[in-house]
Amino acid sequence: MFTIFLLIAAYIVYRAVRQILRVYECPSNEVLTAFWRGKLRPGSEPHRHLITHLGNCEKCQDRLQLLRHGLPLEDHLIDKDQD
């Protein structure tokens, strides 16, 4: 009986940690672009995940700003002083 309780507790902890770590996982450019274009259904799991992630990740906030200004996400990687 105690072993079953430990297995259930371990599973619950595993799921909680996995969900917490997922919040800090940066989304792909495709997901971020879909969000910006309104293609992620509000209230869906990907939409909720992205909203939560954007509240914690300045890097992704900057990526979203690039999209808002009409710049491709990859342009921030180019050193414009080399031209």
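Residue numbers count from 1 along this sequence.
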Notebook entry, point to check: Atom CG in Leu66, atom CG in Asn29: separation rounded to 0.5 Å?
Noted result: 10.0 Å

Checklist line | Check: Ser44 side chain, Arg41 main-chain N or O, donor-acceptor pair, under 3.5 Å | finding: yes

Item checked: Leu21: hydrophobic cluster co-members (side-chain, 4.5 Å) -> Val13, Val17

Margin query: Check this for me: Leu7, atom CG, are more than 12 non-hydrogen atoms of other residues, nucleotides or ligands nearer than 6.0 Å?
Written below: yes

Next item on the list: Nearest 0.5 Å please: distance from the SG atom of Cys57 over to the CG atom of Leu64.
Entry: 11.0 Å

Notebook entry, point to check: So does Gln19 have more than 12 non-hydrogen atoms from other groups sitting under 6.0 Å from CD?
Noted result: no

Note to self: Taking the side chain as everything from C-beta on, heavy atoms only, tell me whether His69 gets closer than 4.5 Å to Gln65.
What the structure shows: yes

Margin query: Test: ring-ring contact (aromatic ring centres under 6.0 Å, His included). Region: residues 39-66. Which pairs qualify, not counting sequence neighbours?
Written below: Phe35-His47

Notebook entry, point to check: Are Arg37 and Leu67 side-chain neighbours, meaning at least one heavy-atom pair lies under 4.5 Å?
Noted result: no

Check: Does a side-chain heavy-atom distance below 4.5 Å link Arg63 with Cys26?
Finding: yes

Margin query: Using every non-hydrogen atom in the two residues, find where Leu32 and Cys60 come nearest and quote the distance to one decimal.
Written below: CD2-O, 4.2 Å

Notebook entry, point to check: Rounded to the nearest 0.5 Å, what separation is found between the CZ atom of Arg15 and the CZ atom of Arg18?
Noted result: 5.5 Å

Note to self: Please report the interatomic distance CG(Asn56) to CD(Gln61), rounded to the nearest 0.5 Å.
What the structure shows: 8.5 Å

Notebook entry, point to check: Do Tyr14 and Leu6 belong to the same hydrophobic cluster, where Ile, Leu, Val, Met, Phe, Trp and Tyr are linked whenever their side-chain heavy atoms lie under 4.5 Å apart, directly or via other members?
Noted result: no

